[in-house]
Chemist: 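Here it is: the structure, laid out below.
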Amino acid sequence: MNKQKAAIAILVAVHVITGLVLGWFVEDGSATFVSALFIGLVFSQTSLLGFWGGLGMNRWPVRLLGVIVGTAYLGPMFGISIRELNFEMLFLVVLSTVAVAAVLLVVRRLVAQIQRSGELSITASQEGLQFSIRHLMLLTFVVACTLGIGRWLQPYFSGVIILAELATISLCFVSVGLASVWAMFGKSPPLIRSIVVLLIAASSGCIPAYSFNTSEYSFWISMMLAEAVFLLVSLWIVRLCGYRLVRLSRSHTPSSTNE
């Protein structure tokens, strides 16, 4: 147990230090590789924070406080590093974190819980959580349709363009984050699923580049791939500590969860 906690504590420390170092070298307003790495790292951290907030084994007040403190750190750090400390950047960080946490809270209550290997409770099935690739394909289809409708309606709702852009970016980051959880915490070996996540990340990078009529496809794709790589490595370390998602048994009731 102590080794598991030490490994996760080291992982958190590495994330914080790496974020501060990369943030120091980000050039003002430049779509550079370092900028893509930094932004990908920040949103891998929002996904990890949302993952812990939604599925963590601590009681809900501790998780809620952790999410609040985490976003209070990540938001200003992100804005200061890219020289755009404003409401839009803070909102993007908060939205991405809360979206991941909200989805995983639903998973926690209705589908599965995270457990340590060898300590699975009697309320959980021993079969690992299985997600279907169809779900991810459906998500991609819904996103594409939503963005297409949004582009068609954009001239009529110019006042909400900024909000729509932030929601689009956030949804792309969130999709990569949730796909990474699917890849690392199911019963199946994570290698093939990790490749699928990288493909999803590359596709997600094309969505904002197309939606915003920009030619910087390589920058957006690099950003999403960076998020995916940081997340997959981080969650793989958590997986090595013995954590898995296990499906709730039919006899399980929400009141029996560890809240």
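Because only heavy atoms are used, hydrogens play no part in the values below, and waters and symmetry mates are left out as well, while side chains stay in.
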Chemist: Looking at side-chain heavy atoms only, is the closest gap between Val26 and Ile39 below 4.5 Å?
Modeler: no
Chemist: Could you state the interatomic distance from CZ (Phe185) to CD (Gln115), rounded to the nearest 0.5 Å?
Modeler: 13.0 Å
Chemist: Any chance OH of Tyr217 has more than 12 other-residue heavy atoms, nucleotides or ligands included, within less than 6.0 Å?
Modeler: yes
Chemist: Do Trp52 and Asn58 have side chains that approach each other closer than 4.5 Å (heavy atoms only, starting at C-beta)?
Modeler: yes
Chemist: Kindly say whether Trp182 contributes a backbone atom to a donor-acceptor pair with the side chain of Arg193 at under 3.5 angstrom?
Modeler: yes
Chemist: Given side chains that start at C-beta, do those of Val176 and Met223 come closer than 4.5 Å, heavy atoms only?
Modeler: no
Chemist: Taking Glu84 for its side chain and Gly79 for its backbone only, find out whether a donor-acceptor pair lies under 3.5 Å.
Modeler: no
Chemist: Please tabulate, for side-chain N and O atoms in residues 88-97, each donor-acceptor pair with protein atoms closer than 3.5 Å (sequence neighbours left out).
Modeler:
unit_1, atom_1, unit_2, atom_2, d
Ser96, OG, Leu92, O, 2.8
Ser96, OG, Ser170, OG, 3.1
Thr97, OG1, Val93, O, 2.9

Chemist: Just checking Phe51 against Tyr243, ring centres under 6.0 Å apart?
Modeler: no
Chemist: Is it true that a side-chain atom of Arg83 and a backbone atom of Ser81 form a donor plus acceptor pair closer than 3.5 Å?
Modeler: yes
Chemist: Does Ile192 belong to the same Ile/Leu/Val/Met/Phe/Trp/Tyr cluster as Val197, with side-chain heavy atoms less than 4.5 Å apart forming each link?
Modeler: no
Chemist: Measure from the side-chain N and O atoms of Arg247 to the backbone N and O of Gln113, and report whether any donor-acceptor pair falls under 3.5 Å.
Modeler: no
Chemist: Could you list the donor-acceptor pairs under 3.5 angstrom formed between side-chain atoms of residues 224-237 and any protein atom two or more places apart in sequence or on another chain?
Modeler:
unit_1, atom_1, unit_2, atom_2, d
Glu227, OE2, Ser47, OG, 3.4
Ser234, OG, His15, NE2, 2.7
Ser234, OG, Phe230, O, 2.7

Chemist: Side-chain contact, heavy-atom cut-off 4.5 Å: Met57 with Ile114?
Modeler: yes
Chemist: Taking the side chain as every heavy atom from C-beta outward, state whether Arg239 and Arg244 have any atom pair closer than 4.5 Å.
Modeler: yes
Chemist: Could you tell me whether the side chain of Phe219 reaches within less than 4.5 Å of the side chain of Thr32, counting heavy atoms only?
Modeler: no
Chemist: Determine the interplanar angle of the Phe43 and Phe78 rings, folded into 0 to 90°, and report it as parallel if under 30°, tilted if 30 to 60°, perpendicular if over 60°.
Modeler: perpendicular
Chemist: Below 4.5 Å, heavy atoms only, C-beta onward: do Trp220 and Cys206 meet side chain to side chain?
Modeler: no
